[in-house]
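Let me begin by presenting the structure, written as structure tokens, before commenting on it.
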Number of protein chains: 2
Amino acid sequence: MKTTRNTTAKTAVLEVFEKSKTALSHTEIQKQLNGICDRVTIYRILDRLMNDDIIHKISNLDGTVKYAKCNHSHQRVHIHNHAHFSCENCHEITCLENVKPSYIMPHNYKVKEINFTLSGLCPNCLNSNI
Amino acid sequence: MKTTRNTTAKTAVLEVFEKSKTALSHTEIQKQLNGICDRVTIYRILDRLMNDDIIHKISNLDGTVKYAKCNHSHQRVHIHNHAHFSCENCHEITCLENVKPSYIMPHNYKVKEINFTLSGLCPNCLNSNI
DNA sequence: AAAATATCGCAACAATGTTGCGATTAAATA
DNA sequence: TATTTAATCGCAACATTGTTGCGATATTTT
């Protein structure tokens with residue numbers, strides 16, 4: 001089986017995620033890495049981190065894709081079915097770990113995963129009187 | 001003010017939407033149009049149809065973008081805050097007009113729009129014993 | 001029929017993501 | 001510690017998706 005290695009680039013990417021409270025796009029990560037590694041390498045690191053369940057992918061309403069660290073906190077099995085909030089002003093995406101929607105489905109559908117994204121103004125931008 | 005015109009290409013695109021029960025990507029529309037018009041024209045038609053509130057945009061979990069006809073049925077004001085279902089087998093996206101999630105938000109967030117996408121198996125694929 | 005302008009086609013570009021391959025380097029083994 | 005193995009990297013090249021400018025065309029109004 002493939003074992004995953006700890007490389008300079010991977011460590012650097014993880015540090016970027018540690019420092020950030022919000023989800024990050026590939027481009028944002030690349031900027032913060034400051035040329036430490038190639039663009040392609042970042043894509044491959046993100047793939048590995050997703051396989052290892054260390055980060056997860058979020059695709060926004062407008063089609064942009066971001067990544068965020070998983071919060072494994074207390075659960076034994078990690079589930080990505082939490083909500084995300086996308087601020088229309090600062091464009092930051094945050095995970096709302098505790099927001100879980102309830103809903104009623106029509107019959108004959110088998111639901112395996114849900115994606116729930118809310119958008120509007122985040123607390124920061126709301127306080128800035130916009 | 002800009003008035004929107006009825007052109008051959010626009011009519012053709014609308015027909016494609018009429019024929020389809022599921023949401024369509026730009027590429028899927030292009031294939032069905034069979035070279036009737038340019039790739040760019042389709043993008044511009046989609047933009048216009050979205051402005052006119054005739055179709056709406058859906059971005060899927062995997063980052064793919066699709067478009068679907070709006071269902072104006074009975075409401076006076078059209079709202080896009082309904083759910084979408086994405087089949088992991090046939091990759092079709094359908095609008096679940098009647099599924100609306102309920103949820104509890106943390107304070108200090110102002111929610112203006114929600115996007116709720118479920119994925120799994122659609123009735124068709126579920127019946128095919130997969 | 002003529003005028004006004006929305007739309008089109010083409011070319012060119014930008015952003016984002018993928019793949020192949022030889023070179024490098026982390027980790028296991030001797 | 002030195003050697004070996006294979007995971008990872010950098011580079012180049014390519015694919016897909018979406019955007020923009022501009023002269024030509026077609027729809028709608030006058």
Side-chain angles (χ1 to χ4, degrees), chain A residues 1-17 22-68 86 91-93 117, chain B residues 1-17 22-68 84 86 91-93 115 117:
Chain A
M1 60 203 136
K2 283 188 85 166
T3 59
T4 166
R5 292 182 180 175
N6 290 321
T7 63
T8 319
K10 184 181 165 189
T11 309
V13 170
L14 279 175
E15 270 170 22
V16 170
F17 276 115
T22 62
L24 299 164
S25 69
H26 172 274
T27 311
E28 286 163 345
I29 296 167
Q30 189 180 4
K31 273 176 195 154
Q32 291 203 40
L33 287 184
N34 226 43
I36 268 186
C37 68
D38 195 75
R39 208 169 61 85
V40 178
T41 302
I42 301 175
Y43 278 115
R44 296 202 258 233
I45 290 173
L46 291 174
D47 280 345
R48 269 180 277 148
L49 292 178
M50 281 174 52
N51 270 327
D52 294 349
D53 227 26
I54 294 170
I55 61 171
H56 59 277
K57 191 176 180 176
I58 308 161
S59 41
N60 204 11
L61 272 180
D62 59 11
T64 56
V65 173
K66 300 214 174 191
Y67 305 86
S86 164
H91 296 106
E92 278 191 354
I93 297 184
T117 307
Chain B
M1 60 204 137
K2 281 188 87 164
T3 59
T4 168
R5 292 182 180 174
N6 289 321
T7 64
T8 318
K10 184 182 165 189
T11 309
V13 170
L14 278 175
E15 270 171 23
V16 170
F17 276 115
T22 63
L24 299 165
S25 68
H26 172 273
T27 312
E28 286 164 344
I29 295 168
Q30 189 181 2
K31 272 175 195 155
Q32 291 203 40
L33 286 184
N34 226 43
I36 269 186
C37 68
D38 194 75
R39 210 168 60 85
V40 178
T41 302
I42 301 176
Y43 279 114
R44 297 201 258 233
I45 290 173
L46 291 174
D47 280 345
R48 268 179 278 148
L49 292 178
M50 282 173 52
N51 269 327
D52 293 349
D53 226 27
I54 294 171
I55 62 171
H56 59 278
K57 191 177 180 174
I58 307 161
S59 40
N60 203 10
L61 272 179
D62 60 9
T64 56
V65 172
K66 299 213 175 191
Y67 305 85
H84 296 110
S86 164
H91 296 105
E92 278 191 351
I93 297 185
N115 175 260
T117 308

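Below, chains carry the letters A, B, ... as their sequence lines are ordered, and counting in each starts from 1.
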Separation of D:dG18 atom P from B:D47 atom CG, nearest Å, is 10 Å

Counting primed atoms plus P, OP1 and OP2 as sugar-phosphate and everything else as base, spell out the protein contacts along nucleotides 7-16 of chain C at 4.0 Å heavy-atom distance: B, S or - for each nucleotide, 5' to 3'. SSBBB----B

With no hydrogens and no angle check, is any side-chain donor or acceptor of A:D38 less than 3.5 Å from a backbone partner on A:V40? yes

Between A:R48 and A:I45, is there a side-chain heavy-atom distance shorter than 4.5 Å? yes

For B:R39, does its backbone N or O pair with a side-chain atom of B:H26 as donor and acceptor, under 3.5 Å? yes

Whole angstroms only, please: what is the CG-P distance between B:L46 and D:dT19? 10 Å

Atom pair distance, as rounded to whole Å: NZ in B:K66 and C1' in D:dT17: 15 Å

Validation row: B:L14, B:L49 side chains within 4.5 angstrom (heavy atoms): yes

Taking all non-hydrogen atoms of both residues into account, name the closest pair between B:Y67 and B:F17 and its distance. O-CE2, 3.3 Å

